[in-house]
Amino acid sequence: FSVRFAAMSVQAVTAKMAEVELKDVAGKAASPAISPLTPKAEEKKSENNSTSPAAAVTVEPSPVTTAPNPVKMPQASAMKRPDPQQNGGEAFVNYDGTVAEAPRMKKIQFADQKQEFNKRPTKISRRSLSRSISQSSTDSYGSAASYTDSSDDETSPRDKQQKNSKGNADFCIKNIKQADFGRREIEIAEQEMPALMALRKRAQGEKPLAGAKIVGCTHITAQTAVLMETLSALGAQCRWAACNIYSTQNEVAAALAEGGFSVFAWKGESEDDFWWCIDRCVNVEGWQPNMILDDGGDLTHWIYKKYPSMFKKIKGIVEESVTGVHRLYQLSKAGKLCVPAMNVNDSVTKQKFDNLYCCRESILDGYIHLTFLFRVISVNPVVCNKVGKGCCAALKAMGSIVYVTEIDPICALQACMDGFRLVKLNEVIRQVDIVITCTGNKNVVVREYMDRMKNGCIVCNMGHSNTEIDASLRTPELTWERVRSQVDHVIWPDGKRIVLLAEGRLLNLSCSTVPTFVLSITATTQALALIELYNAPEGRYKQDVYLLPKKMDEYVASLHLPTFDAHLTELSDEQAKYLGLNKNGPFKPNYYRSAAA
């Protein structure tokens, strides 16, 4: 194997030196290393004076030997001569008259002698490479990475025929081939969801959900998969759709489909796809749900609108979000709620943990991931509040000057005591850098406010629904410019632009990661609520909205304490009698509510 080097000319340092051929000086009879290049590629390589990038060459130079007498500088073409002391090897005469041994060349080792380095990567191989910049903008980030094969991204899952390894085709997802990656994510999530795993272990022998047919509409993430598999282990049959068009982790949906679950969801659904998936969960021959697990109220609304007769067999509804609970209370007030419903959103465990810690950990992750703007210090965000305590805490910790809007005087006083400035949105809209809505309401940020925003203002939503940011941005005079997936510039006629994240939909579950341990608390609460409603004797719950009993709230919390090696103090009989409490709880009355919203 030959390598050509360039040397320096005697007269000028920058002149090109004649080529010098280096030969093997080891003197061994071993065959020379074989070049992986074809003859044409070898010839081309010699002409271009370059070497193969896959060849790792190690050069061991010999010590320099000083010549006894000055030697006249030879011409460049005669700069190598035999050295009798090197057993037939060759040496070089340096410009100063010294003699140096030619570098000893070790054999070149190739990782794969058959690889052709002169061949460009094919289109398929480029897709299989590690996450590229362009690919990362469209991947699912519910858990750090999404193993999406983009080779069929242009094809709608509704137009594809897919089956799992058992031949089952009762699902509609992006790509069943991603199941192995999704299974790994689920296994990681299981390690961070101790309460659900403990509940699965304790109750799977009793099968408290045997005969339950649960239709669910939630975010389909690795954490939801652990909940679904727990419900299945407790005896339930499940059919599932996504409550957000951006939050589905495609690889997790594939793992669930491979495991036999009927899942109808993929990341990036259209509005039509969204309702189609919900309908496929509900409208199936030979299967009718008797329990509903909802997040946002869309599933309940669809059944009420399209299949009202199904409520005759449904035993109860479990609702997690502010928006969904609001819809349930509206139905109850109008006398149209046909079954009992459990309000998980206002449970103490949901309010104190999910609404606080989940938002606190995920707001910055979503903001930085989508915008690539690490400048959070010195910006002026305004948080339109409902579950905004976590968001405010995270932004304040990064050095931001945080403004808060609030309708509840109690929460407003808390904000002031925590050092936040309480304002009306129209008072600061011209000067803020970021606007974050988290109210569960509608038209929180209207067109009038956006007309007055500064150039480059970032607008996003941490509430469940996309109704918080005015939809009037879709007008002819405004130009929408897609920057990357879920990041849009909305440009005014005068050139001003605002940055809209996730089209106003839920930022954290759509665009970032969420803390699995915190979601374990909410998921366990949902599971217990389903068990309670399904097994409740007739007459215990009427056609109304109920809060989870405090005993169950405390049980959920106690299942998570061993993770911290925490040890509860027990009341003595005398202390319990003095407080008027049972030693084993509940320690709070049923009317107790957290103020952590």
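As the structure is a prediction and not an experimental result, all values here were calculated from the model.
Atoms SG and CG, on Cys217 and Asp295 in that order, are 7.5 Å from each other to the nearest 0.5 Å. To the nearest 0.5 Å, atoms CD (Gln330) and NE2 (His326) are separated by 3.5 Å. Note that the CD atom of Gln543 and the OG atom of Ser332 stand 9.0 Å from one another [nearest 0.5 Å]. One finds the NE2 atom of His219 at 9.5 Å from the OG1 atom of Thr248 (value rounded to the nearest 0.5 Å). One finds the OH atom of Tyr546 at 9.0 Å from the CE atom of Met342 (value rounded to the nearest 0.5 Å). With rounding to the nearest 0.5 angstrom, the CD1 atom of Ile303 is 9.5 Å from the SG atom of Cys281.
In this structure, Asn290 contributes its side chain and Lys315 its backbone to no donor-acceptor pair below 3.5 Å. Side-chain N or O atoms of Ser321 include one that pairs as donor or acceptor with a backbone N or O of Gly296 at under 3.5 Å. In this structure a side-chain-to-backbone donor-acceptor pair under 3.5 Å is present from Lys207 to Ala233. A donor-acceptor pair under 3.5 Å links the side-chain atoms of Asp553 to the main chain of Val348, judged by distance alone. Using a distance-only test at 3.5 Å, with no hydrogens or angles considered, no donor-acceptor pair links the side chain of Arg505 to the main chain of Ser247. Between the side chain of Tyr541 and the backbone N or O of Ala536 there is no donor-acceptor pair closer than 3.5 Å. Between the side chain of Thr524 and the backbone N or O of Ser520 there is at least one donor-acceptor pair closer than 3.5 Å. Formation of a donor-acceptor pair under 3.5 Å by the Lys389 side chain with backbone atoms of Gln414 is not found in this model. Between the side chain of Asn345 and the backbone N or O of Gly324, no donor-acceptor pair lies under 3.5 Å. Of the possible donor and acceptor atoms, one in the side chain of Glu468 sits under 3.5 Å from a partner among the backbone N and O of Thr439.
The two atoms that bring Ala254 and Gln178 nearest to each other are CB-C, 3.9 Å, heavy atoms only. The two atoms that bring Leu231 and Cys238 nearest to each other are CB-SG, 4.1 Å, heavy atoms only. Closest approach of Lys551 to Pro586, counting heavy atoms only: N-CB, 4.0 Å. Gln351 and Asp346 make their closest contact through NE2-OD1, 3.5 Å (heavy atoms, listed as atom of the first residue, atom of the second, distance). Lys396 and Asp418 get closest at one heavy-atom pair: NZ-O, 2.6 Å. Scanning all heavy atoms of the two residues, the minimum distance from Ala265 to Ala253 falls at O-CB, 4.2 Å.
Looking at Ile245 and Asp273, their side chains never come closer than 4.5 Å, going by heavy atoms from C-beta outward. Using a 4.5 Å cut-off on side-chain heavy atoms (C-beta onward), Ile173 and Pro157 make no contact. Using a 4.5 Å cut-off on side-chain heavy atoms (C-beta onward), Pro289 and Arg239 make no contact. Here the side chains of Leu548 and Val344 are not in contact, with every heavy-atom distance at 4.5 Å or above. For the pair Gln288/Lys213, no side-chain contact is recorded, criterion being any heavy-atom separation below 4.5 Å from C-beta on. Lys174 is not listed as a side-chain neighbour of Lys267, based on a closest heavy-atom distance of 4.5 Å or more. Within the 4.5 Å cutoff, the side chain of Leu256 has no heavy atoms near those of the Thr224 side chain. When side chains are defined from C-beta on, Ile429 does not count as touching Val445, because their heavy atoms never get closer than 4.5 Å.
Salt bridge Glu190/Lys201: absent, no basic N to carboxylate O contact under 4.0 Å. Between Glu229 and Arg183 there is a salt bridge, with a side-chain nitrogen of the basic residue lying less than 4.0 Å from a carboxylate oxygen of the acidic one. Remark: Arg540 engages Glu532 in a salt bridge, criterion side-chain N to carboxylate O under 4.0 Å. The residues Lys305 and Asp298 are annotated as not salt-bridged, no charged nitrogen and carboxylate oxygen being separated by less than 4.0 angstrom.
Side-chain polar atoms of Glu503 and Tyr246 form a donor-acceptor pair below 3.5 angstrom. Between Thr349 and Thr525, the side chains place a donor N or O and an acceptor N or O closer than 3.5 Å (distance only, hydrogens not considered).
Considering only residues two or more places apart in sequence or on other chains, Gln575 meets the side chain to side chain donor-acceptor pair (under 3.5 Å) condition with Ser572. For Tyr304, there are no ring pair (Phe, Tyr, Trp, His ring centres under 6.0 Å) partners two or more places apart in sequence or in a different chain.
The one candidate from Trp287, Phe264, Phe261 that meets the side-chain contact (heavy atoms from CB on, under 4.5 Å) condition with Asp170 is Phe264. Leu422 pairs with exactly one of Leu413, Val404, Thr405 by the side-chain contact (heavy atoms from CB on, under 4.5 Å) rule, that one being Val404.
Heavy atoms of other residues, nucleotides or ligands lying less than 6.0 angstrom from NZ of Lys442 number 12 at most.
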Practice task
Go through the steps to decide whether Ile214 and Tyr534 satisfy the test side-chain contact (heavy atoms from CB on, under 4.5 Å), and finish with yes or no.
Solution key: CA-CA 10 Å; Ile214 303 174; Tyr534 183 71; over 6 Å; no
Problem - Intermediate values then yes/no, side-chain contact (heavy atoms from CB on, under 4.5 Å), Met193 and Gln223 - result: CA-CA 8 Å; Met193 305 185 80; Gln223 297 82 12; 3.9 Å; yes
Practice task
Check the pair Thr221, Gln249 against side-chain hydrogen bond (donor to acceptor under 3.5 Å, both in side chains), reporting the backbone distance first and the verdict last.
Solution key: CA-CA 5 Å; Thr221 62; Gln249 293 177 306; 4.6 Å; no
Handout entry: Worked verdict on Asn283 versus Trp302 for side-chain contact (heavy atoms from CB on, under 4.5 Å)
Key = CA-CA 11 Å; Asn283 184 20; Trp302 186 258; over 6 Å; no
Problem - Evaluation steps, side-chain contact (heavy atoms from CB on, under 4.5 Å), between Ile314 and Ile292 - result: CA-CA 8 Å; Ile314 292 177; Ile292 296 175; 3.6 Å; yes
